[in-house]
Amino acid sequence: RAWVAGVVVLLARTVTCPAEEEPLFTFMQFSDVHVGHDTNKPVHKRLVAAVKLANALKPSFVIDTGDMTTHPVYKANPENLVELDEYREYVAHLTMPLYPLPGTHDSGYFEYTGSTYEKRCDLLIAADKKKIGPLKRSFTQQGFRFILFNNNPPLSGRPGHIAEETFEWIEGELKQGEKAFLFCHVQVVENGMGPPWGDSARRLVALCDEYGVVAVTYGHQHALHIKVLNGTKYIMCPDLKTAGHQGVLQYRIFRDHWELGLYDVFSQKGKRIGSYPVRVRSEESTERHVCAGISLTADPNAPSGLIAD
């Protein structure tokens, strides 16, 4: 008995738990910050907190899926365009690369037949390109392709629109064969959980199915939703616009899977939403992780949840 007990003690001392797998890299997503909104004056406290959170978590990069500002869409005058500069001042404190993608409030609505709005849109696009960045861009991180593109609609409330030349560019990017994440501003599936929203969305979903896109993510509707179509995840990122809306997303990328997390920018506490395979396959469409209305409220008197007002 003493010998057996000694073996047990020895095993207890030598057997160790396997170390937790480290991700290849992580990145974060902000969306619908809306600098210039009345609730974000004189200081945009949620954006300041989001920058501090990102610096604490140390992702490889941050992607912002648009509506960084509030008023430029209404009139492209200096008073409104200064919001682009204000946004840049906030995010200049990030210690990692930022890839922002203009939304409807930043660059306007495309292909509107009225000449006034057409000119206004041209001015906004020029300002965005100078102060924020291009309307589409791509880059690679450790074998994963990140593809950012514009899908602003012709008018407010309409489905997202993707120009023909942009579709050709997206497919050219996908043909490179890397595992791909796609980013735009307007939701691809209706209200975050419905069918593909509009002609451009249906065509994009078909491309994602054909090339096995890992995920398509966006903002615009100020809520958190995840829908799965043929293996590709369609993710709506929550906003930072108003009190109680204080969630950002973290993506942890591993060799054979990836994890999605939701963080409160004030408490800096996060929760894992799900873990998914890196390579997707065509399968029957499913819906998982319906997350609209998750409360991240630190202030018990603030509005609960992440639904747009």
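Here the structure is a predicted model, which is why all the values come from computation and not from measurement. Sequential numbering from 1 along the given sequence is applied to the chain's residues.
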Charged tip of K136 within 45° of F149 ring normal and under 6.0 Å
no

Euclidean distance, R272 CZ relative to Q250 CD, rounded to 0.5 Å:
11.5 Å

With sequence neighbours excluded, give me every salt bridge (Lys or Arg N to Asp or Glu O under 4.0 Å) pair touching residues 150-174.
R145-E173, E164-R203

Would you check if R137 and P100 make a side-chain contact, meaning some heavy-atom pair closer than 4.5 Å?
yes

Can you list everything that forms a side-chain hydrogen bond (donor to acceptor under 3.5 Å, both in side chains) with H185? Sequence neighbours excluded, please.
D67, H220

Please list, chain by chain and in numerical order, all residues satisfying side-chain hydrogen bond (donor to acceptor under 3.5 Å, both in side chains) with D128, sequence neighbours excluded.
none

Test of ring centre spacing under 6.0 Å for H105 and H37:
no

Sub-3.5 Å donor-acceptor pair from the side chain of E83 to the main-chain atoms of H71, do we have one?
yes

side-chain contact (heavy atoms from CB on, under 4.5 Å) evaluation trace for L47 with N40
CA-CA 9 Å; L47 181 52; N40 301 323; over 6 Å; no

D106 and its side chain to side chain donor-acceptor pair (under 3.5 Å) partner, picked from T69, T70, N152:
T69

With sequence neighbours left out, write down each residue that passes salt bridge (charged side-chain N to carboxylate O under 4.0 Å, His left out) with R88, or none if nothing qualifies.
none

Do V186 and P159 come close enough that some side-chain heavy atom pair is under 4.5 Å?
no

Under the salt bridge (charged side-chain N to carboxylate O under 4.0 Å, His left out) test, which residues partner K131, sequence neighbours left out?
D85

Could you tell me which residues satisfy side chain to side chain contact (heavy atoms under 4.5 Å, CB included) with N55, sequence neighbours excluded, listed by chain and number?
V51, L94, T95, M96

Quick check: does any side chain N or O of K41 sit under 3.5 Å from a backbone N or O of T39, one acting as donor and the other as acceptor?
no

Sequence neighbours left out, what passes side chain to side chain contact (heavy atoms under 4.5 Å, CB included) with P97? Give chain and number order.
F61, Y99

Taking only residues two or more places apart in sequence, or in another chain, which ones meet Y218 in a side-chain hydrogen bond (donor to acceptor under 3.5 Å, both in side chains)?
none

With side-chain contact (heavy atoms from CB on, under 4.5 Å) as the test, would you mind laying out the steps for F144 and L24 before giving the verdict?
CA-CA 10 Å; F144 288 80; L24 296 174; 4.2 Å; yes

I'd like to check the ring pair (Phe, Tyr, Trp, His ring centres under 6.0 Å) partners of H93; sequence neighbours left out, ordered by chain and number.
none

For the rings on W258 and F181, is their centre-to-centre separation under 6.0 Å?
yes

Could you give all pairs that pass the salt bridge (Lys or Arg N to Asp or Glu O under 4.0 Å) test and reach residues 44-62, with sequence neighbours left out?
none

Show me the side-chain donor-acceptor pairs of residues 194-202 shorter than 3.5 Å, one per line, residues at least two apart or across chains.
from: D199; atom 1: OD1; to: R202; atom 2: NH2; distance (Å): 2.5
from: S200; atom 1: OG; to: I162; atom 2: N; distance (Å): 3.0

Would you confirm whether D264, through its side chain, and F266, through its main-chain N or O, come within 3.5 Å as a donor-acceptor pair?
yes

Across all chains, not counting sequence neighbours, the side-chain hydrogen bond (donor to acceptor under 3.5 Å, both in side chains) partners of N151 are none

